[in-house]
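Step one of this worksheet: look at the structure below.
Counting begins at 1 with the first residue of the sequence. Treat the numbers as computed from the prediction; the structure is a model and nothing was measured.
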Amino acid sequence: MKLALSAAAVAVEDGVELTVTAKSYVRDLFCMADKVDAKASVAEGMVSLLSGESVVLHIATADAAALAAPGAFAAANVLRSANDPKREW
């Protein structure tokens, strides 16, 4: 299955910035950050992107493990959209 998006995460001073770029239409993108850190929160809600558009999701977390491996917020069971209800993780 071709993924409709690509994602890159970096740790920043107050958490993680997750940049998501659409390869095709992405409907209702959301990050279930609490699957990585129960206390994490995402500033942005559901976002839809057209092909080529990007969004930066700001994830507030102080969890040392999450900051050491920020890519965990881009995992298939964490970063979801309406495009991929059957996407396997």
Supply the atom-to-atom distance Asp34 CG to Ile59 CD1, rounded to the nearest 0.5 angstrom. 11.0 Å
What pairs with Met46 under side chain to side chain contact (heavy atoms under 4.5 Å, CB included), at least two apart in sequence or on another chain? Asp28, Phe30
Val42 and Ala33 have their tightest heavy-atom pair at CG2-CB, 3.6 Å
Residues 11-18 side chain polar contacts: donor-acceptor under 3.5 Å, at least two apart:
none

Path from Leu67 to Met32 over hydrophobic side-chain contacts below 4.5 Å: no
With a 4.5 Å cut-off on side-chain heavy atoms, are Val10 and Pro70 touching? no
Sequence neighbours excluded - side chain to side chain donor-acceptor pair (under 3.5 Å) pairs with any residue from residues 57-66: Asp37-Thr61
Per the side chain to side chain donor-acceptor pair (under 3.5 Å) rule, what does the pair list look like for residues 40-56, sequence neighbours excluded? Thr21-Ser54
Determine the minimum heavy-atom distance between Lys35 and Asn77, stating which atoms define it. CD-O, 3.2 Å
For Ala66 versus Val36, what's the shortest heavy-atom pair and its separation? CB-CG1, 3.9 Å
Considering residues at least two apart in sequence or located in another chain, which fulfil the side chain to side chain contact (heavy atoms under 4.5 Å, CB included) criterion with Val55? Val20, Leu29, Val47, Leu49, Leu57
